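In this text, all values refer to a predicted model and were calculated from it rather than measured experimentally.
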Number of protein chains: 2
Amino acid sequence: MNDDCQPFVTDCAVRLATDLLAHTWDPVVLMALRTGRRRRIDLLASLTGVSDKVLSETLRRLVSNGLVTRITTTTDRTVAYELSELGGSLANGPLAALGHWAVEHADQVLLAQQQDGASASAR
Amino acid sequence: MNDDCQPFVTDCAVRLATDLLAHTWDPVVLMALRTGRRRRIDLLASLTGVSDKVLSETLRRLVSNGLVTRITTTTDRTVAYELSELGGSLANGPLAALGHWAVEHADQVLLAQQQDGASASAR
DNA sequence: CAGTATCCTAATCGATACTG
DNA sequence: CAGTATCGATTAGGATACTG
């Protein structure tokens with residue numbers, strides 16, 4: 001897939017993971033599903049900013065990648081999504097770590113961006 | 001920036017981090033810089049698949065976000081890039097964790113993708 | 001409700017050529 | 001060497017309307 005990446009395994013492997021999270025809403029949906037099974041409409045309501053279409057694409061992609069399981073209840077015909085074991089290991093491990101990092105360092109990132117913007121407009 | 005995200009802080013905060021890594025080569029360059037200061041042309045050679053232009057954009061963006069520092073040696077006029085403290089905390093922390101996760105779970109992801117592809121083409 | 005189909009805009013990425 | 005400019009192809013994402 002990205003076999004042409006490079007030298008140390010993890011340098012290249014990280015591409016596999018970041019590709020999994022590359023689409024804007026993939027990581028957000030994974031985070032949202034950490035608390036348990038959710039229905040499509042619940043996700044649509046709780047994730048401000050996702051469009052109907054994009055959420056569909058996101059869910060389909062997450063299912064395709066084996067991170068999320070689509071559950072059809074035969075009794076009342078409802079559909080729900082939940083993290084697979086694989087998805088859970090990603091969401092509760094590295095993804096959560098990324099979230100914590102973001103919380104701790106957000107101010108530094110925003111500061112750097114502002115400074116850059118300021119110096120750029122000063123040119 | 002993405003203040004309109006949502007309920008639990010980390011659900012939204014993760015967007016800040018994934019946005020930082022959203023562009024294909026951002027995480028790869030960060031990983032490559034973990035081993036120390038590198039010159040632009042070295043990166044271009046060691047990262048198979050990056051185009052000249054995209055590497056430039058990537059480096060500029062990483063510098064803008066405060067993750068990478070651009071170093072100009074006044075003596076011999078060379079230019080090099082290295083991780084900032086902020087970038088190091090990301091690359092050696094959560095990003096490395098993501099790399100390890102990818103190494104351990106790559107086969108599962110690829111398997112899921114293949115199965116999905118197989119069932120999709122069987123329809 | 002879940003999910004798909006269309007249309008449209010903006011942004012990425014690659015290739016190539018060019019400047020300091 | 002570092003870095004920018006331009007063109008073209010591809011794609012992501014939003015809005016909206018429609019089907020099972």
Side-chain angles (χ1 to χ4, degrees), chain A residues 1-2 4-6 15 18-30 32-33 37-65 68-82 113 116 119-120 123, chain B residues 1-2 4-6 12 15 18-30 32-33 37-65 68-82 116 119-120 123:
Chain A
M1 188 141 281
N2 293 308
D4 58 340
C5 245
Q6 268 283 311
R15 274 292 309 268
T18 52
D19 283 354
L20 249 37
L21 306 173
H23 296 263
T24 312
W25 295 100
D26 291 26
V28 181
V29 170
L30 286 176
L33 288 179
R37 189 178 300 186
R38 300 286 288 280
R39 307 199 50 186
R40 179 195 151 88
I41 194 151
D42 295 329
L43 290 170
L44 205 52
S46 62
L47 306 177
T48 317
V50 225
S51 75
D52 190 9
K53 182 195 123 191
V54 172
L55 180 60
S56 287
E57 292 173 349
T58 301
L59 288 170
R60 224 184 314 126
R61 186 170 42 239
L62 291 173
V63 171
S64 292
N65 292 332
V68 165
T69 310
R70 196 187 111 119
I71 297 175
T72 315
T73 313
T74 47
T75 55
D76 58 352
R77 283 205 215 138
T78 59
V79 178
Y81 295 88
E82 69 179 11
Q113 290 174 344
D116 181 78
S119 61
R123 271 174 221 140
Chain B
M1 190 140 279
N2 293 308
D4 58 341
C5 246
Q6 267 286 308
C12 173
R15 275 289 312 267
T18 53
D19 283 354
L20 249 36
L21 306 173
H23 297 264
T24 312
W25 295 101
D26 291 24
V28 182
V29 170
L30 286 176
L33 289 179
R37 189 178 299 188
R38 301 285 289 282
R39 308 197 50 186
R40 180 196 150 87
I41 194 152
D42 296 330
L43 290 170
L44 205 52
S46 62
L47 305 178
T48 317
V50 225
S51 75
D52 190 9
K53 182 193 120 192
V54 172
L55 180 60
S56 286
E57 292 173 349
T58 301
L59 288 171
R60 222 182 318 124
R61 185 169 43 238
L62 291 173
V63 171
S64 291
N65 292 332
V68 166
T69 309
R70 197 187 112 118
I71 298 175
T72 315
T73 313
T74 47
T75 54
D76 57 355
R77 282 207 216 137
T78 59
V79 178
Y81 294 89
E82 70 178 9
D116 181 78
S119 60
R123 273 174 219 141

Show your working on side-chain contact (heavy atoms from CB on, under 4.5 Å) between Arg77(B) and Thr72(B) and close with a plain yes or no. CA-CA 6 Å; Arg77(B) 282 207 216 137; Thr72(B) 315; over 6 Å; no
d([atom1], [X]; [atom2], [N]) in whole Å:
{"X": "Leu55(B)", "N": "dG14(C)", "atom1": "CG", "atom2": "C1'", "answer": "13 Å"}
{"X": "Leu47(A)", "N": "dG13(D)", "atom1": "CG", "atom2": "C1'", "answer": "15 Å"}
{"X": "Ile71(A)", "N": "dA2(C)", "atom1": "CD1", "atom2": "C1'", "answer": "15 Å"}
{"X": "Arg60(B)", "N": "dC13(C)", "atom1": "CZ", "atom2": "P", "answer": "13 Å"}
{"X": "Leu59(A)", "N": "dC1(C)", "atom1": "CG", "atom2": "P", "answer": "16 Å"}
{"X": "Arg38(A)", "N": "dC1(C)", "atom1": "CZ", "atom2": "P", "answer": "14 Å"}
{"X": "Arg37(A)", "N": "dA2(C)", "atom1": "CZ", "atom2": "P", "answer": "14 Å"}
{"X": "Leu44(A)", "N": "dA2(C)", "atom1": "CG", "atom2": "C1'", "answer": "11 Å"}

If you measure from [atom1] on [X] to [atom2] on [Y], what distance do you get to the nearest 0.5 Å?
{"X": "Leu21(B)", "Y": "Leu30(B)", "atom1": "CG", "atom2": "CG", "value": "6.5 Å"}
{"X": "Ile71(B)", "Y": "Arg38(B)", "atom1": "CD1", "atom2": "CZ", "value": "13.5 Å"}
{"X": "Thr69(B)", "Y": "Tyr81(B)", "atom1": "OG1", "atom2": "OH", "value": "11.0 Å"}

Quick one: which of [options] gets closest to the side chain of [X]?
{"X": "Asp52(A)", "options": "dT4(D), dA2(C), dT16(D)", "value": "dT16(D)"}
{"X": "Ile41(B)", "options": "dT4(D), dG14(C), dC1(D)", "value": "dC1(D)"}
{"X": "His23(B)", "options": "dT12(C), dC1(C), dT4(C)", "value": "dT12(C)"}
{"X": "Val54(B)", "options": "dT4(C), dT4(D), dC13(C)", "value": "dC13(C)"}
{"X": "Lys53(B)", "options": "dC7(D), dA17(D), dG14(D)", "value": "dC7(D)"}

Side chain to side chain contact (heavy atoms under 4.5 Å, CB included) filter on Thr58(B), not counting sequence neighbours, yields Trp25(B), Asp26(B), Val29(B), Val54(B), Arg61(B), Leu62(B)
Show your reasoning for whether side-chain hydrogen bond (donor to acceptor under 3.5 Å, both in side chains) applies to Ser56(A) and Arg40(A). CA-CA 8 Å; Ser56(A) 287; Arg40(A) 179 195 151 88; 2.6 Å; yes
Run the numbers on Arg15(A) and Val28(B) for side-chain contact (heavy atoms from CB on, under 4.5 Å), then give the verdict. CA-CA 7 Å; Arg15(A) 274 292 309 268; Val28(B) 182; 3.3 Å; yes
Walk me through whether Arg39(A) and Thr78(A) qualify under side-chain contact (heavy atoms from CB on, under 4.5 Å). CA-CA 8 Å; Arg39(A) 307 199 50 186; Thr78(A) 59; 3.6 Å; yes
Where along residues 72-80 of chain A does a heavy atom fall under 4.0 Å from DNA chain C? Val79(A)
Base-pair map of DNA chain C as dot-bracket, where | denotes pairing with a different strand and pairs are Watson-Crick or G-U under 3.5 Å: ||||||||||||||||||||
Could you go step by step and tell me if Asn65(B) and Gln113(A) meet the side-chain contact (heavy atoms from CB on, under 4.5 Å) rule? CA-CA 5 Å; Asn65(B) 292 332; Gln113(A) 290 174 344; 2.9 Å; yes
Taking OP1 and OP2 of dT12(C), is either one under 4.0 Å from a side-chain nitrogen or oxygen of Thr24(B)? no
